[in-house]
Amino acid sequence: MSVLVLLIPVTFCLGLTGLIAFLWNLRSGQYEDLSGAAERILLDEHDAPAGPVAPPPPHGPRLSTRTKE
Amino acid sequence: MVEGLTIAERRTAMIMLGVAALVGLVMAALGRGDPMGVHGFIVIGAALTLFFVVGSKIYEPEPSLSRFESYYDDPTKVGIILALIWAVVGMAVGVWVALLLAYPEATIDAPWASFGRLRPVHTSGVIFGFGGNALIATSFHVMQRTSRARLSGQLSPWFVLIGFNLFCILAATGYLMGVTQSKEYAEPEWYADIWLVVVWITYFVLYMRTLARRSEPHIYVANWYFMAFILVVAILHIVNNLAVPVRFTTAESYPVFSGVQDAMTQWWYGHNAVAFFLTAGFLGMLYYFLPKRAERPIYSYRLSILSFWGITFFYIWAGSHHLHYTALPHWVQTLGMTFSVMLLVPSWSSAANALLTLNGAWHKVRDDAVLRFMVLAAVFYGLSTFEGSFLAIRQVNSLSHYTDWTVGHVHSGALGWVALITFGSFYAVVPLLWRREGMYSWRLVELHFWLALSGTVIYVFAMWNSGIIQGLMWRTYNEAGTLRYSFLETIPPMFPYYVARTVGGALFLLGALVAFFNIWMTIRATAPRQPAGVSDYPTDAPAPDGNVPAE
């Protein structure tokens, strides 16, 4: 079953990617307000992107109003 | 559609299409007399058609900068229509091959019309054509809304959508010409596979870049499902399609693995295609559209996150349950079986989470057929994941494997879960995207619901019966200790079930046609009405000049 030499590492790597993503989630505060996160998708009276809408120049500043909570 | 692009973007698009046409020309020249040459002409035809579509509008007025103040919905709209076209084509071929099993003479004497060539057109048509387009379209919609950000590119969403459909066309036409690498759900040959890698990586980059510019700090759980779908499908596709072309002028290749190694790779891919293509992505749909439609948050957001990580970590190990009682080492089979049984936990927590969300809102389920589509999808998700864990147990598998029970299981997932959540989501999103008050006809939505439900139930019950009868007949011994029935003798008893399956499939197809008609009429409805008090409409401002969402 030489193919397992490939498949098991690939599968582990995918698992590791998942684990890193999960740890990033925990540390970056993604899970700090779960009920708020569930509710917020229901609030969109303006069906438009949020934030100051400077049309992104090709190499301009990032279009984001990400706020730290 | 073209009107939403600037002149510079239209030029870039034309250059890309020109390059695509040249690639097609090279394929046509190299692959003379081979299906690859025909595919070259298909690529040229598709690229030139789009080239003239863009070119004929290149000096139309440009969109104003205010396009950045709205979501980019044009690719979603086209994706929905393409998904519906593929649904009708794929399901129609499915009904035909179902009919062939009951009445083998229902064919025409042409090589392309043989069962072995039509069957992958059905499977790829519904999984990739219908399911894939639905996933791309809804993932664009959900990601933008939950991130409160516009897609990061102007051309790349089109590249992903059109490129993916080109792959589907190459796949389907290839099967009809006899092109296949004989791997179930991964039949297309090497050049189509390479093309899909390019498209899929673009999709992943587009998704990550859009997430990176989100205005909403939290990444909603649906996006995690979509991300897992995109990332894992990329890896699976690449590993399973590692192959060496026989020569670069024909549609022929040899996989780098052989024998049981190849089988293991194939089912590692095959089961995870079910997991990440047909489950994770559609769970993303469920976790967004069900709460939106029910107008209440998901019952337990914490549980939704737990089930996401559970599914991600468990599913990838389950593939070897497809190879019970084969040359695969016993411990690998047991590993796959164990993970398959454990999968029941995250699967059922998703299904339960969806159903519990409706606590206190069941009157909406009674009144609203769209919500009922989604609820029924969650029910079928729960049923088919239970059945899946059950069938993966070695002793059960000894009865069910190679019988129609497997086919029934797949269709309870594909019709009951995947197709119903997709249609429910489409009915929810189409009026929003095209700025309509509602669907053209609610009666037709209701009709579709009952057609889909009855079709699925008839189909699945027919296959349960035929599968179990088959399995039992195959394992019946006589007093002498030899098999009681020859294989041929087990076929005639299947006849009534095969007829029933065709009827069930035809009802489901009829439902898809009703959906197509209803959605088409909704889009064509004149004078878009702006309702009051309905969310998800950009009602607070008149449409920016020259940037009215195209019909």
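Each chain gets a letter, A, B and so on, in the order its sequence line appears, and its residues count up from 1.
When each of W268(B), W267(B), Y269(B) is tested with H322(B) by the rule ring pair (Phe, Tyr, Trp, His ring centres under 6.0 Å), just one qualifies, namely W267(B).
Both the backbone and the side chain of T265(B) come within contact range of chain A, with heavy atoms under 4.5 Å apart. The part of L14(A) that comes within reach of chain B is its side chain, from C-beta onward, which places non-hydrogen atoms under 4.5 angstrom from that chain. Proximity to chain A (any heavy atom under 4.5 Å) is shown, for V142(B), by neither the backbone nor the side chain. Contact of I235(B) with chain A is made through the side chain alone, with heavy-atom distances under 4.5 Å.
Between chain B and the residues T17(A), L19(A), V10(A), N25(A), the largest count of heavy-atom pairs under 4.5 Å involves N25(A). No other option in F257(B), Y220(B), Y287(B) has as many heavy-atom pairs under 4.5 Å with chain A as Y220(B). Ranking I219(B), I298(B), T146(B), V239(B) against chain A, the residue ahead of the rest is I219(B), based on heavy-atom pairs under 4.5 Å.
At least one side-chain heavy atom of R150(B) sits under 4.5 Å from a side-chain heavy atom of S70(B). Using a 4.5 Å heavy-atom threshold, the side chains of K364(B) and L358(B) count as separate.
At most 12 non-hydrogen atoms from other residues, nucleotides or ligands lie less than 6.0 angstrom from OH of Y299(B).
Between W224(B) and F308(B), the ring-plane angle classifies as tilted under the 30° and 60° cut-offs.
A salt bridge links E9(B) with R67(B); the closest basic N to acidic carboxylate O contact falls under 4.0 Å.
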